[in-house]
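This report refers to the structure that appears directly beneath it.
Just follow the structure's listing: the first ligand is 1, and inside any ligand the first atom is 1.
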Amino acid sequence: MTKQKPLSDMPDASKQDLLDEVRQKILAANITPDLAAQAQNLVMGDGNPNADIIFIGEAPGKNEDELGLPFVGAAGKFLNEMLAAAGMDRSDVYITNIVKYRPPNNRDPLPEEKQAFWPYLARQLEIIDPKAIVTLGRHSMEFFLPDAKISEVHGHAVRKHVRYHDNTEHEWLIVPLYHPAAALYNGGLRQTLIDDFLNVPEVIKKL
Ligand code: URA
């Protein structure tokens, strides 16, 4: 039997083909088997693989697990509203999470779970090659800005060299924002997030 050529070696593979390959690799490598055993779906991402902006959240919740799509619950509704207020919708951006299976009872993802998914997130970034990475909350911010405090850096864009497991480096433009779920029911934080969010296109343009 001939071995199937990896999609990434095919010159005409689309970004979606390559993202599908990442999904297959996560399944084949049995990443975070404890989470996988309890989850209904592996939640890879949603939106446009050719987008200039990628949003990275924390991990799927109940609704996301059921539908297999990121940010489709209350936090997702808030995210959609902010996108609309900024003149965009989900098909203009790409949305994903660090951890791609729902943690039981929506607990915080464990450091080892985030580490396990990081190479796959790094590969998603390489494929999509966005102009800017918007992190939502501290779990995704810490991969790019490990020493930053969200209360000090939210809404500001920074260029940052990120080192990968194979020791290659990539410079990304990072805009850290508060997590929509944290801001949803907190009046002050909610307005801060909305203001930061509406500013994202301007902040990106400036750099
Ligand atoms: N919160 C996240 O961080 N991601 C989701 O997909 C949904 C809620």
Side-chain angles (χ1 to χ4, degrees), residues 19-20 22-23 26-27 31-32 34-36 38-49 51 53-86 88-118 120-125 128 130 132-146 148-151 153-155 174-186 189-190 192-194 196-197 200:
L19 291 171
D20 291 344
V22 178
R23 175 188 199 93
I26 292 174
L27 292 170
I31 296 300
T32 62
D34 292 349
L35 291 187
Q38 299 186 49
Q40 293 187 42
N41 275 298
L42 172 62
V43 181
M44 288 299 292
D46 188 27
N48 184 350
I53 304 178
I54 181 167
F55 290 87
I56 307 176
E58 181 181 317
K62 188 171 184 291
N63 296 290
E64 289 76 19
D65 182 41
E66 277 168 17
L67 292 180
L69 289 169
F71 283 98
V72 288
K77 192 163 167 273
F78 185 28
L79 181 62
N80 291 348
E81 283 166 13
M82 289 188 288
L83 281 169
M88 295 185 272
D89 69 27
R90 289 169 78 108
S91 63
D92 295 314
V93 299
Y94 194 82
I95 303 170
T96 188
N97 286 304
I98 289 264
V99 168
K100 290 166 172 42
Y101 288 119
R102 180 189 181 200
N105 303 316
N106 296 348
R107 66 155 166 74
D108 277 357
L110 303 174
E112 57 268 32
E113 291 165 349
K114 292 185 274 183
Q115 278 302 333
F117 278 106
W118 168 236
Y120 301 93
L121 176 64
R123 179 75 184 125
Q124 283 181 299
L125 294 176
I128 294 168
I133 296 172
V134 178
T135 58
L136 298 172
R138 67 185 168 85
H139 289 285
S140 60
M141 180 184 78
E142 72 187 12
F143 278 99
F144 304 97
L145 310 172
K149 275 203 188 132
I150 185 85
S151 57
V153 300
H154 66 89
I174 315 292
V175 189
L177 298 188
Y178 282 109
H179 194 290
L184 196 52
Y185 304 111
N186 174 331
L189 215 55
R190 184 184 168 95
T192 303
L193 175 56
I194 294 172
D196 286 348
F197 200 100
V200 166

Polar side-chain atom of Arg190 near backbone of Leu184 as donor-acceptor pair, under 3.5 Å:
yes
Taking atom 4 (N) of ligand 1 as the reference point, the nearest protein heavy atom with its distance:
Asn97 OD1, 2.8 Å
Classify the ring geometry between Phe144 and Trp118 as parallel (under 30°), tilted (30 to 60°) or perpendicular (over 60°).
perpendicular
Whether the side chain of Arg23 engages the backbone of Leu42 through a donor-acceptor N/O pair (distance < 3.5 Å, no angle test) should be reported.
yes
So is His179 in contact with ligand 1, going by heavy-atom distances below 4.0 Å?
yes
Of all heavy-atom pairs linking Pro109 and Ala59, the shortest is CG-CB, 4.4 Å
Got an N/O contact under 3.5 Å between Phe71 and ligand 1?
yes
Quick one: does Glu66's side chain have a donor or acceptor within less than 3.5 Å of a partner on Gln40's backbone?
no
Top protein contact for atom 5 (C) of ligand 1, by heavy-atom distance
Ala59 O, 3.4 Å
Counting heavy atoms under 4.0 Å, the part of Pro180 that contacts ligand 1 is neither
I'd like to check which ligand 1 atoms, numbered from 1 as shown, lie under 4.0 Å from a non-hydrogen atom of Pro70.
6 (O)
Which atoms of ligand 1 have any heavy atom of Gly57 under 4.0 Å away?
3 (O)
Any donor-acceptor N/O pair, Asn48 side chain to Val93 backbone, under 3.5 Å
no
Per-atom contacts of ligand 1 with Glu58, taking only distances under 4.0 Å to non-hydrogen atoms:
2 (C), 3 (O)
Tell me whether Ala181 reaches ligand 1 (any heavy atom closer than 4.0 angstrom to a ligand atom).
no
Whether the side chain of Thr96 engages the backbone of Met44 through a donor-acceptor N/O pair (distance < 3.5 Å, no angle test) should be reported.
yes
